[in-house]
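One structure is given here, and the rest of the page talks about it.
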Amino acid sequence: MSKSQVTAKRKHSTLSLKIKNDILVRLEKGESITNLSKEFNVGRATIYDLKKNSDKIKKFVSTTYVGPGKRQTLKSSENPVVVEEALYSWFLQERRRHTPISGDMLSMKAKFFYSEITGKTDFSASKGWLHRFKSRYGIRLMKITGEKLSNDDSCVETFRKNFLEKVKDLCPSQVYNADESGLLWRVLPNKTFVSRQETSVPGRKVSKERVTFLPCSNASGLHRLKMVVIGKSQNPRAFKNVDIPVNYYGQKSSWMTKDLFNNWFHKMFCS
C-alpha cells in the first residue's frame, strides 16, 4: 500500500437488540461471521461476542413484553422488576376498564407499588424513569375520541330524517338551535397512555363538578340570545351588584331541568 493511500477507519456502529437477535438467527442458519461483519459494519470480534452471549440475548428478547424495539443493551431498571411488573399489570387492568391514565398517575402508582413491595420510600419516579418505563413496555400517549362507550348512535339517522322533514319549509331565520354543554371543574384527562396492543381509545361521558351553559341562535346567525348559565349557587356572591351578560339560574346539581328550560323558553326565548 502506497503512502498516499489511507486505510479507511470503520465508523463505530451500535446494534439494537433486535438486530443482534437477527444476526444470531442468521448465524444458526449457517451464514458466515465474515459476511455478517461486513453487512452490519462491525468487527468480527463483535459477532463472536454476540455468539458468546446468545442465550442471554434470546432469553431477553423472548420474555420482554413488547419485544426488543430499539433497545441496545440488556440493562434493566434499577428498581426491582416485580415493581414494574406490578405497575404494568395495574396499567393493563385499568385500560381494560377504559380508565384514562396520565403520566402523573403512573408515577404515583409506581411509588405506591415500590413502597408496598420494598418497604422503602426512596424512589422518586422521575420523568426519566417514566420515559424509560414507557419505552420498555411499549406504552404511548393517545387522545380519547368522543363518547363511544356512552352513546347509542343507532337512533341518529332516524332523528335526522324526521328533523329534516319538519324544517324543510322553514327559512334559516326561523330555525333555532339551543344546545347545552358543560364547563367541568373536575375532569379526567382527555389523553391517556395506552399499551402497544390498543389501536383506539374510546371514552366515557364525563359527569363531574360543573356549570351548565346553553347558547341559542337561529340558523342565519342574525338572532342570538343571551347565553344561559346554570350553577349550584342560587345567588353567587361574585354576581352581587354586577350586571352579568348571561341569564343565570341556580340549581343544586347545576343541570338543566324541565322547569328551568320552561322558564327560559317562555320568559327569555319567546319574549
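This structure is a prediction, so every number in the text was calculated from the model and none was measured.
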Verify side chain to side chain contact (heavy atoms under 4.5 Å, CB included) between Ile139 and Val194, making sure each step is shown before the conclusion.
CA-CA 5 Å; Ile139 295 173; Val194 298; over 6 Å; no
Taking it one step at a time, do Phe123 and Trp129 satisfy ring pair (Phe, Tyr, Trp, His ring centres under 6.0 Å)?
CA-CA 10 Å; Phe123 175 49; Trp129 167 83; 5.3 Å; yes
In terms of hydrophobic clustering (I, L, V, M, F, W, Y; side-chain heavy atoms under 4.5 Å; direct or indirect links), are Val211 and Met256 co-clustered?
no
About how many Å separate NZ of Lys38 and CG of Leu36, when rounded to the nearest 0.5 Å?
11.5 Å
Stacked cation flag Lys109 on Phe112, 6.0 angstrom / 45 deg
yes
So which atom in Tyr114 and which in Thr118 form the shortest heavy-atom distance, rounded to 0.1 Å?
O-OG1, 2.6 Å
Flag yes if Met108 and Ile101 sit in one hydrophobic cluster, no otherwise; membership is Ile, Leu, Val, Met, Phe, Trp, Tyr, and two members link when side-chain heavy atoms are under 4.5 Å apart.
no
Distance col, row Asn35:CG vs Ile47:CD1, nearest 0.5 angstrom, shows 10.5 Å
Any sub-3.5 Å donor-acceptor pair from Ser37's side-chain atoms to Ile33's backbone N or O?
no
Derivation and outcome, side chain to side chain contact (heavy atoms under 4.5 Å, CB included), residues Phe193 and Leu106
CA-CA 9 Å; Phe193 289 111; Leu106 282 174; 3.8 Å; yes
Under a 3.5 Å threshold, yes or no: a donor from one side chain and an acceptor from the other, between Arg95 and Ser195?
no
Is there side-chain contact between Cys171 and Gln174, with heavy atoms separated by less than 4.5 Å?
yes
Does the side chain of Ser200 come under 3.5 Å of the side chain of Glu198 through a donor N or O and an acceptor N or O?
no
Return the set of residues passing ring-ring contact (aromatic ring centres under 6.0 Å, His included) with Phe113 (not counting sequence neighbours), or none when no residue passes.
none
Mind checking the CG-OH spacing from Leu87 to Tyr137? Nearest 0.5 Å is all I need.
8.0 Å
Strictly by modelled atom types, are Asp49 and Thr46 linked by a side-chain donor-acceptor pair under 3.5 Å?
no
Side chain to side chain contact (heavy atoms under 4.5 Å, CB included) assessment of Glu39 paired with Arg26
CA-CA 12 Å; Glu39 180 179 341; Arg26 291 171 64 175; 2.6 Å; yes
With rounding to the nearest 0.5 Å, note down the distance linking CE in Met227 to CD1 in Ile244.
12.0 Å
Can you label the angle between the Phe261 ring and the Phe265 ring as parallel, tilted or perpendicular, going by 30° and 60°?
parallel
What orientation do Phe159 and Phe163 show, parallel under 30°, tilted 30 to 60°, or perpendicular over 60°?
parallel
Can you measure from CG (Asn235) to NZ (Lys240) and round to the nearest 0.5 angstrom?
10.5 Å
Report yes or no: do Trp264 and Val246 belong to one cluster of Ile/Leu/Val/Met/Phe/Trp/Tyr joined by side chain heavy-atom distances under 4.5 Å?
no
Rounded distance (nearest 0.5 Å) linking atom NE2 of His131 with atom NZ of Lys134
7.5 Å
Checking Ser220 against Ser173: is there a side-chain donor and acceptor pair closer than 3.5 Å?
yes
Checking Glu180 side chain against Leu214 main chain: does a donor-acceptor pair fall under 3.5 Å?
no
If you compare all heavy atoms of Leu24 against all heavy atoms of Leu50, which two are closest, and at what distance to 0.1 Å?
CD2-O, 3.4 Å
Looking at side-chain heavy atoms only, is the closest gap between His98 and Pro202 below 4.5 Å?
yes
I need the minimum non-hydrogen distance between Ala86 and Ile117, along with the two atoms involved.
CB-CD1, 4.2 Å
Distance-minimising heavy-atom pair for Pro215 and Asp179:
CD-O, 3.0 Å
Quick one, Thr212 and Val229 - any side-chain contact, counting heavy atoms below 4.5 Å?
no
Is there a side chain to side chain contact (heavy atoms under 4.5 Å, CB included) between Ile23 and Phe40? Walk through the geometry before answering.
CA-CA 9 Å; Ile23 290 174; Phe40 293 98; 3.6 Å; yes
Just wondering, are more than 12 heavy atoms of other shown residues or ligands nearer than 6.0 Å to CG in Asp122?
yes
Is there a donor-acceptor contact under 3.5 Å from the side chain of Asn218 to the main chain of Tyr176?
no
Determine whether a donor-acceptor pair (N or O, by modelled atom type, separation under 3.5 Å) exists between the side chain of Ser254 and the backbone of Arg210.
yes
Count the heavy atoms belonging to other residues, nucleotides or ligands that lie under 6.0 Å from CZ of Phe269, then report whether that count exceeds 12.
yes
Hphob cluster co-occupancy, Tyr248 + Met268, side-chain heavy atoms under 4.5 angstrom
no
If you count every heavy atom of other residues, nucleotides or ligands that lies below 6.0 Å from Arg224 atom CZ, does the total exceed 12?
no
With sequence neighbours excluded, what pairs up with Trp90 under the ring-ring contact (aromatic ring centres under 6.0 Å, His included) test?
none
Give a yes or no on whether the backbone of Phe91 and the side-chain of Glu94 come within a donor-acceptor separation of less than 3.5 Å.
no
Hydrophobic cluster identity match, Leu225 and Val228, side-chain contacts under 4.5 Å:
yes
